[in-house]
Amino acid sequence: MKRKVLSLTTVGALAVGSVALSACSGGAAGGASGAQTDGGTPVKGGNLVVARAQDAKSMNNILTFDNTSIFTFEQMLQPLFTVTADGKGTTPLLAKGYTISADKMTYTINLKPGIKFSSGTEMTSADVKFSIDQDTKYASTGWGYINGAIKQVSAPSKYVVVVKLKHPWAPLIADLALFSNAVVPNNYGGKTMDAFYQAPVGTGPFKWGEWKRGQYLKLVANPNYWQTGYPHLQSVTFNVVPDSNTRKLQVQGGQADIDEYPDWSTFQSVGSSAVNAKTFPSTELDYVAFNEAKKPFQDVHVRRAISAMIDRQSIVKAVLFNHGTAANSLLMPGVPFYQKSTPGITKDAALAKKEMSLSSVPNGFSTSLLIPSGDASKLTTAQIIQSDLKPYNINVTIKQLDPTANHNAQQNMQYEMGLSAWTMDIPDPDEWTSFAVDPAGGAKSAYTNYSSATAIKLNREAEQTVDPTKRAALYNQLQNVTAHDAPLAFLYYAPFAYGVSSNVHKFQVTPLGNYPLADVWKSK
Amino acid sequence: MLGRLKFVPMRILQAVPVAFGVTVVVFLLVHLIPGNPAESILGAQATPARVAALSKQMGLDESLPQQYLHFLSNLAHGNLGQSYTYQTSVLSLVLQRVPVTLTLVLYSVVLMLIISVPLSAWAASRPGGARDHAVRVVPLVGLGMPQFWVGVMLLLVFAVGFKWFPVGGYGQTFSQHLWYLFLPALTLAISVSPVIIRSLRSSMLNVLESDYVATARSKGAGGWSLFSGHVLRNAVIPAVSIVGVNVGYLVGGTLVIEQVFAIPGLGSLLIGSIQARDFPSVQAVALFVAVFVVVVGVLTDIVYTLLDPRVDLTRRIEV
Amino acid sequence: MSAVATLRRSRRGGQPASRRLRPWYKNGSLVAGLIIVGIMVLLAVLAPLISPDNPLHQNLDQALQGPSGTHWLGTDKLGRDVLSRLLYGARVDLKIGFLAVLIPFVVGSILGAIAGYYGGWIDIIIMRVVDVFYAFPLYLLVIALVFVLGSGERSIYLAIALVSWVSYCKIVRGEVIVARRQEYVQAARLGGLKNMRVLARHVGPNVVSQAITYAMSDIIMDIMVIVTLGYLGLGITPPTAEWGSMISDAQEFITTLWWMAVLPGIAVVITGLGLSLIGDGLGDLLSPERRR
Amino acid sequence: MPTDTQLKPVLSVQHVSLGIRRSEGHWDPLVRDVSFDVGAGMRYGLVGESGSGKSMTLKAIAGLLPRGVEVIEGQAWFGDEDLLTMSAGRRRQIMGPKLSMIFQEPMTALNPTMRVGAQIAEGPRRHLGLSKKAAMDLAVEMIARTGIPDPVRRARAYPHELSGGLRQRVMIAMALSCQPALVLCDEPTTALDVTVQDQVLRLLTQLCEDMGSALVFVTHDLAVISQTCSRLSVMYAGQIMEQGSVRDVYRAPLHPYTEALFESAPDFDDPERMLKPIPGLPPSLTHPLPGCAFAPRCRHVVEACTTSAKQLAPVADSRLTACDRVHEIFEVNA
Amino acid sequence: MSTISGVNEALSVEDVTKQYGSRRNILRALDGVSLELQRGEIVGLVGESGSGKSTLAKIIAGGTGQTSGRVLSDGQEIGIRRNAGEHRRIQMVFQDPYSSLNPRLTVRSTLAEVLRVHKIVERDQIDKEVSRLMGLVGLDDSALDAYPGQFSGGQRQRIAIARALAVRPEVLVADEPVSALDVSVQATILDLFRSLRSELGLSVLFIAHNLAVVQHLVDRIAVMYLGRIVEVAPVQALFAAPQHPYTQALIASVPRMRPADLERAPAIEGEPPSPIHLPPGCRFNPRCAHAQSSCRDTDPTLEPAGAPDHLAACLFAGALQPRSIAATKESA
């Protein structure tokens, strides 16, 4: 039950001035379920070129935390269930469906027959059991903690998998939809784990091509893909282009089809007859974390005061160029159980004054705001906050550390205020709420040391409540409590931005950040 | 001719202590970083027990000199360690990228010469004149422009505007490499040319005012025959050492340029590795770059010797 | 490497005495350079009086404006007045430029002078250390060191000082070796003067001009290093107005609001031009027979 | 119009003035109104101290004036052509085969990166249309003629591999390789040791005689002129002070400067004679004196010397002097 | 090898050798040179470039150390590392007055510096002493605050001499002090040396390549060839009857003021061989017109030839007819 620490910020984010995307985004690989209608008849073939800020690190879906890797292996490795297009629910992918026992402790999952790996062999329940067990095995170093509620997985027949739980667990199907539970051949087809992931084999629309580290990674269409007629593309090439201007120019010049991380600042200018500047609803929340282990942030009045000083509209304007919205809640609009009416603190001079006068430091103080270096958006945000707090005699020094050091400083609670962001990996709020409010969740409540008995209790209850209405009520209360206690100052919800060449069709990004490419096609 | 190259083994021998010094600096570079490298490597998965285990595995519990000796002996076996980010041998990673950066640097040296030689000759032909002032001042503008800025501007004009060149990347074949690397090499060349033009100009002036050019004139030489036969070769000699020295600067420039132009060379590997705290990669790149610069130093001396018959580095008697 | 360097010079004796006496104010390069840098320094000093706005004052409603009557050079993405930031930036950059050059200049020159004057083992040891540092491109070491030391002004000074002393060491050593053979130095030694005295009074003043000339271009190099560090997110701590971070902030707008990067770029270029001209002029003035 | 010989002169320098241009129409004069004729096969000396303008005059003739120095007026007739206004192309045609030059410092006057044989062969290849091989053979022959042993091997040497004396021999071989009508020598032996100087002077005069080349010899060394030349001009502060045959001038100078110069110079064969320095310093070039340039240092000076400019004028049989008072001071045998 | 020894010697060098390089490439710049300088004596040192004159000057002045042999001042040996006092006793004047003065110091500071360092006079007397020195070399006090660049060559050489004299040395080593000067100025410097000798009792080692200049100034002459002194004699004796064939050739090579016939063969052929590869026997034998087979076997030492104060290092000293001298005399 105890959740392991997840990385909070983009590890080793290289994208200079790129939008801060959380490393924890992800989800299930999609099938041919594009909801959007996109004119024209799909054209077969073509190579889709994606310009990305940094290279993937590893194809190991159970040990890898960075988005670039995840978005890549998701094209090859598919889990049993996947996220719906709105990101709030799940839908069967490799599974046909499932049944839940009355005690909510046993899930029986039926598999679609005839699904083949890219190697040509058929996928069976043994492969599924191996894959889930393998994930669970690496609970301490990888994503396996997500399977914490699973007691046992069995494969009673070729197309049936039975999952037994330790206790009732609402997010199970969402958990199984995570990429780390994607199905790989039993026993890695006889290879070692390392060898297997050098050229992974899965059931996805694309299969392994070649990888020149630091230069490009190429996937080619899987001829054995179980959904006939897909994928449309012949291949996908992920090119590493660290400079955001260069990425933009490459898409404009036709050398790349998709810019994975366009700058918000020039986002509008990306759009032209040849390129579409596209935003997709996300589950990203950007926030200020207060380290309650350091004075005076243990004081709720200080946190509330600062929250009331920050002009979120300005940040949305200066950082997102009005592409996002000010945040009001711990949960994001794209996440189930988001409460629109949560009374999150917004800019309010009177409240700020009142809270300051009630606080331990009514005359102001000096502090620092930690941000990762090389992140233009966070730098801008930090400067606005710095300027917002100044009239209240709170002198903020902006402290920049390289991404890894920044990450370490947060983990070790060696900061005072810090800018961070979160994106969901599964279509269930629990992943984030446990991380953010439960000190026992392993992350000291998003590294704030926030510890509210009420919040902890609400979160635990919600985890084990399967009934959606009851869960909703619990999460509403949790959102209200955190809005009042302000362990985090919620800043904004940002959509995902992509620069997409206009001859690319049906390119969709889910709120969890992943983009299935099976039904994407390129016109001439 | 070959007799004068007898100094080469000795010169290489001289480079050995420098190479050792380089390893010390490279070693210290990583070990001076505050905090435990193991902690940085483990990142999200750092627990005290794991940190301790990894520290032991990495030999971090040994004394610094011991660690250095380990580092050296690994180095001697061609073992530069595993990249934390890519989970592969650093050596193979680096070797993959060496030719890229090497091509880029050589390319920019060629472009630099193509830019500098005619311009400096043109300026030196009328010292103090308008063209001289123009050639002396205009390149200074290049000194004050950040490389990444120049790079993006070149991309904007020649790649996006005229579509003559691709927007970054490296290409597959050699001819593609030359096409892809033209703008980045040009950016580098622009940033170094001011220095080269100035020194070439002054060495050409020195040569033009020298007695032996007067002698050549007194033999009726003039125009191209004077320039090619007497001026260029003598003016190039000091330029060789200036180019040699500036190769280090060019290599430094690749850090930024490779970033801008999405070139998979040593520079982008280094920046990426530094930001990811991938220490073995940082060490390996720094080591390769430094050794490269040292080798260039030796080569510069050899070329210098071949060009200038007066230099005899085997003899060092001071009278 | 060093053997090559010392072979290049051939001394030409007996220049007409009059050239050496040309007063400094008749040296075109020097005067032009001094005027340019002087104006820069003046603008920097007077920044609080002449800038139209507080360089840190944000006005997000006025963000990313082009040049206009109220904001002559427009505003940045936080609505801060670019002209004011440029003027205040001159303070920071000139200060950093000069300070960052000062330590390596002094340390490098002294070590170089000692190596060149005494020769022998001292020379060998110092020059090997120099060779080692020389093997690392400036950017590589500075960037790595700033990463190690953490971003900020102090780290930048330290990193630049650790790396760039070697250039001064090399230059001064070469000059000292030439100067050591000059008869006035021999005369001073044979006059029974102590080595340190000969070095400080007779050798030093006559060799330092090359180092000064180099220092002028080095200041520009250092400003470029700061700009580049800014590009990598390791520059001067925000929100300080500084040309390097202005350029790197503007970097995301290069393809749209190009002037935002160009304006601080021009400031760097002009300063660079001024310093280079001073360097040229000083070179002419201090060692007339050596250069043109 | 001074005439030095009955024959048509090879070189006739007429009223040449050189200067550094300061502004339009204003020069700092370096050389003023210099005229002299060099007959065919003649060895002509230009003697003077540093700053006297002797080298500058020679450089003007050779077309090698340093940047900034211009010809203000005058001609240097070489045959029917004026060397001072000649086109660059025409000059290139005659430099080498008709006119050549030997410099003071053989180390710097030879291209350090070119083998000496190739340097000698360069002229003949260009002007005589010789093949590479033939030109190289000629170069080797010229090296042999200058008395350098083992000429084939020496032809392959670089200048720095030769001693000073050998280098100057190479220069001589180079200058004479196309049998020019006139050789200009700018202090060719000043950098050499006395024994080598002796050898080189002999070689130079011998070869010029063999080839029928005339010689203009610039030096500060009176003794060297006396050993080499038949006629000379004595220069001071950019002007010719006295002109005449070496024998006459050395026996009895007809200008106070020449007289003083001889008195200050040691004579090896007359060690007992006291040396008399010339007091004072040469006048500044930027502020030329209105009268005789030597007046401030002249022991015979009178008021008139300092007011009006002095012209070189004939005094006796083919002797000229720029001193007005020559008849008062010296005993002139007309 | 000195013949005269006693308290009257201001300076003597004994069997001084200087080698450069190591192992195979040994360059013998000086090979067993002995010479002494009496009080108030001017000794001329002549020879071709590379003969070792300047090396000897440097060793005497303390600019470089000898490989072996002794340098004695006032009968006392001076070590290779000299203290200020030892430096003071022997001063040097250099050839090129343009490079021998620090261009950045005024004449006053140049002179005052040495006075202060050697504590020649009290601090408040320095100005006075500086004026005195200027008078000594014939310069005006008004020149004191000018920089060397503002002076002519001859004036600079006077300043250089004043600097050397400031420490009140006993011996002055002058390395070609007039060869960079114009003829009309040379004489003034030669005069200055002469008067310094008579007024201050200075001993001068005067190095020159121009025999005509030396002839006018010095008391004795030492002729050097390839690191050896080959002949040493009082000036008149040496020029009247040179004993060594090299001296004879040297004298014959001097260009004369009286027009001469250049048709005759040069007095000497070729140039000195490399000091790294010395010929066996007498080192002059390859160029010597009189060389016999014994000259290739025996390395002659300096021996009296004719007179006790006339030494020559030639097996046939006194027996050789100075052929070239005769030739010049005829034509004169």
Side-chain angles (χ1 to χ4, degrees), chain A residues 4-8 11-14 16 23 49 51-60 63-66 140-142 194 197-198 211-216 239-256 372-374 402-405 407-409 411-412 414 443, chain B residues 33-36 39-47 50 83-88 92-93 96-97 100 148-149 151-153 155-156 159-163 165-172 180 184 256-269 271-278 281:
Chain A
K4 265 291 162 193
V5 176
L6 299 191
S7 59
L8 193 64
V11 176
L14 183 87
V16 176
V49 179
R52 48 172 41 169
Q54 57 182 329
D55 200 1
K57 296 202 166 64
S58 162
M59 289 298 107
N60 187 324
L63 292 177
T64 306
F65 290 87
D66 72 297
S140 62
T141 52
D194 278 349
Y197 284 113
Q198 293 301 312
W211 191 6
K212 276 215 161 173
R213 284 161 203 270
Q215 190 175 356
Y216 64 84
N239 279 340
V240 182
V241 184
D243 188 278
S244 67
N245 284 311
T246 311
R247 282 197 301 278
K248 187 174 111 177
L249 296 176
Q250 282 201 342
V251 177
Q252 282 176 348
Q255 200 172 325
S373 58
D402 68 88
T404 312
H407 173 78
N408 289 347
Q411 278 197 345
N412 300 329
Q414 285 158 349
Chain B
I33 293 179
N36 188 337
E39 206 168 298
S40 301
I41 296 160
L42 289 169
Q45 294 99 39
T47 63
R50 284 174 160 277
S83 156
Y84 303 158
T85 10
Y86 290 115
Q87 306 291 324
T88 51
S92 69
L93 210 58
Q96 215 177 61
R97 283 151 183 270
V100 181
F148 61 84
W149 192 83
V152 172
M153 284 299 144
L155 278 181
L156 213 52
V160 179
F162 293 120
K163 297 200 185 296
F165 298 99
V167 186
Y170 180 58
Q172 309 291 327
Y180 274 79
V256 176
I257 293 302
E258 291 184 355
Q259 199 76 353
V260 171
F261 286 91
I263 299 164
L266 286 177
S268 52
L269 178 64
I271 298 280
S273 308
I274 286 180
Q275 290 185 333
R277 303 224 153 192
D278 185 350
S281 303

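Numbered from 1 within each chain, the chains take letters A, B, ... in sequence-line order.
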Just verifying a value: how many Å separate [X] [atom1] and [Y] [atom2], rounded to the nearest 0.5 Å?
X: B:Ser268; Y: A:Asp243; atom1: OG; atom2: CG; value: 12.0 Å
X: B:Leu155; Y: A:Lys248; atom1: CG; atom2: NZ; value: 12.0 Å
X: B:Tyr180; Y: A:Gln255; atom1: OH; atom2: CD; value: 5.0 Å

When only pairs under 4.5 Å are counted, which of B:Arg97, B:Lys163, B:Gln96 shares the most heavy-atom pairs with chain A?
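That would be B:Arg97.
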Using a 4.5 angstrom heavy-atom cutoff, name the option from B:Pro166, B:Ala159, B:Gly169 with the most pairs to chain A.
B:Pro166
Segment of [X] engaging chain B (4.5 angstrom heavy-atom cut-off):
X: A:Asn239; result: neither
X: A:Ala256; result: neither
X: A:Gln215; result: both

Chain A heavy atoms under 4.5 Å from B:Leu93: which part of the residue, side chain, backbone, both or neither?
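Side chain only.
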Could you check whether any side-chain heavy atom of A:Thr246 comes within less than 4.5 Å of a side-chain heavy atom of B:Val167, counting everything from C-beta outward?
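Yes, close enough: below the 4.5 Å cut-off.
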Contact winner vs chain B - A:Gly253, A:Ala51, A:Gly214, A:Ala56, heavy-atom pairs under 4.5 Å
A:Gly214
